[in-house]
Amino acid sequence: MDVTEQARALLEPVPAHRTAGIEVLRAAEVALATPHALTNVIGSLHSSGLAALIDAAGLAAIIAAGETEDAFQGVVPLGAHASLEFLAPARGRLLATCRLDDEASGALRPVLARETDGARLTTHTEVVDSAGVLVCRGSFEWSVRRTTHAPPE
């Protein structure tokens, strides 16, 4: 099931994502055109912008794991720990792609199926520039909680 529109509706209004100009391309891919206001002293995207981009990609991958339209309703993912590796200056249009590995999918599935209230999982994201150069690699550890077991109305 393609949940790209749901990911857009949930992620693009987040103030940090709006500030950075993050757009959801597909459910597990997000992009931004490096905004001048978020550049560092060498003119590349500041680390805080890369953190926001990697956060958004991880959230998009978590949303994409839902097997039904309402699977994500009542689910609250919160970042618990982040690790970023800066590999090259991040300039221009950047694309962040995140895929859940088997361990993360296995931890998340029971939460989305309303079988348990929470899980911890890690997402791994790569960011490339418009030339395909890997500029940053990052991981987010998430605490994912369901606020309600009631099916949506």
Side-chain angles (χ1 to χ4, degrees), residues 1-32 34 38 40 44-91 93-130 132-149 152:
M1 179 181 72
D2 184 6
V3 293
T4 300
E5 289 305 317
Q6 182 180 20
R8 279 188 188 118
L10 293 170
L11 298 178
E12 289 182 358
V14 172
H17 298 166
R18 272 197 331 261
T19 299
I22 292 172
E23 63 178 300
V24 176
L25 303 179
R26 283 173 284 290
E29 292 184 353
V30 298
L32 65 73
T34 304
L38 292 180
N40 60 21
S44 69
L45 185 62
H46 189 272
S47 59
S48 62
L50 283 163
L53 187 60
I54 290 170
D55 168 88
L59 286 169
I62 290 169
I63 293 166
E67 295 178 4
T68 63
E69 282 186 34
D70 65 340
F72 200 71
Q73 188 171 359
V75 173
V76 178
L78 295 173
H81 181 269
S83 176
L84 282 76
E85 181 181 10
F86 307 107
L87 304 167
R91 297 187 176 110
R93 184 149 176 88
L94 303 173
L95 174 68
T97 305
C98 180
R99 302 281 185 257
L100 298 183
D101 61 20
D102 290 341
E103 184 177 348
S105 294
L108 185 57
R109 193 171 296 111
V111 177
L112 297 177
R114 295 179 168 81
E115 296 169 359
T116 187
D117 289 336
R120 289 186 80 84
L121 60 108
T122 302
T123 57
H124 302 279
T125 301
E126 291 190 340
V127 179
V128 297
D129 65 15
S130 60
V133 174
L134 181 63
V135 299
C136 187
R137 188 179 298 129
S139 62
F140 260 79
E141 183 178 316
W142 300 93
S143 173
V144 181
R145 299 283 176 242
R146 176 167 291 286
T147 59
T148 178
H149 281 287

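In this chain, residues are counted from 1 in sequence order. Below, all heavy atoms of this structure are taken into account, side chains as well, without hydrogens, waters or symmetry copies.
For Q6 (side chain) and I63 (main-chain N/O), no donor-acceptor pair under 3.5 Å exists by modelled atom type. Side-chain atoms of S143 never come within 3.5 Å of backbone atoms of R120 as a donor-acceptor pair (strictly under, hydrogens ignored). The main-chain N or O of L11 is found under 3.5 Å from a side-chain atom of H17 such that the two form a donor-acceptor pair. Judged purely by atom type and a 3.5 angstrom limit, D129 uses its side chain to pair as donor or acceptor with the backbone of G132. When atom types are taken as modelled, the side chain of R114 and the backbone of R146 share no donor-acceptor pair closer than 3.5 angstrom. Here the side chain of T123 pairs no donor or acceptor atom with the backbone of S139 at under 3.5 angstrom.
Here the CG atom belonging to L38 is positioned 10.5 Å from the OG atom belonging to S47, to the nearest 0.5 angstrom. Atom CG of residue D55 and atom OG of residue S48 lie 12.0 Å apart, to the nearest 0.5 angstrom. Rounding to the nearest 0.5 Å gives a distance of 12.5 Å between CG of L108 and CD of E103. Rounded to the nearest 0.5 Å, atoms CG (L32) and CD1 (I22) are 5.5 Å apart. With values rounded to the nearest 0.5 angstrom, L121 atom CG is found 5.0 Å from I62 atom CD1. Rounding to the nearest 0.5 Å gives a distance of 8.5 Å between OG1 of T116 and CZ of R145.
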Identify every side-chain donor-acceptor pair in residues 81-90 under 3.5 Å, counting partners at least two apart or on other chains, and give the distances.
from, atom 1, to, atom 2, distance (Å)
E85, OE1, R137, NH1, 3.0

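Put simply, the residue from L78, V111, D117 that forms a side-chain contact (heavy atoms from CB on, under 4.5 Å) with V144 is V111.
Between the side chains of T122 and W142, no donor-acceptor pair is found at a separation under 3.5 Å.
In this structure the side chain of E12 reaches within 4.5 angstrom of the side chain of V24, judged on heavy atoms. Between T4 and R8 there is a side-chain heavy-atom pair separated by less than 4.5 Å. Looking at L134 and V127, their side chains never come closer than 4.5 Å, going by heavy atoms from C-beta outward.
Contact record, P77 with L59: CG-CD2, 3.5 Å, taken as the closest heavy-atom pair. Closest heavy-atom contact between A64 and V3: CA-CG2, 3.4 Å. In plain terms, the two heavy atoms of A57 and A96 that are nearest each other are CB-CB, 3.9 Å. When all heavy atoms are compared, the tightest approach of A107 to A119 is O-CB, 3.2 Å. Minimum heavy-atom separation, G58 to T125: N-OG1, 4.2 Å.
Between E126 and R99 there is no salt bridge, since no side-chain nitrogen of the basic residue lies less than 4.0 Å from a carboxylate oxygen of the acidic one.
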request  = Take T34 and L94 through the test side-chain contact (heavy atoms from CB on, under 4.5 Å) and record every step on the way to the result.
outcome  = CA-CA 7 Å; T34 304; L94 303 173; 3.8 Å; yes
message = Checking E29 against L95 for the side-chain contact (heavy atoms from CB on, under 4.5 Å) test, could you report, in this order, the C-alpha distance in whole Å, the side-chain angles of both residues, the deciding distance, and whether it holds?
response = CA-CA 7 Å; E29 292 184 353; L95 174 68; 4.2 Å; yes
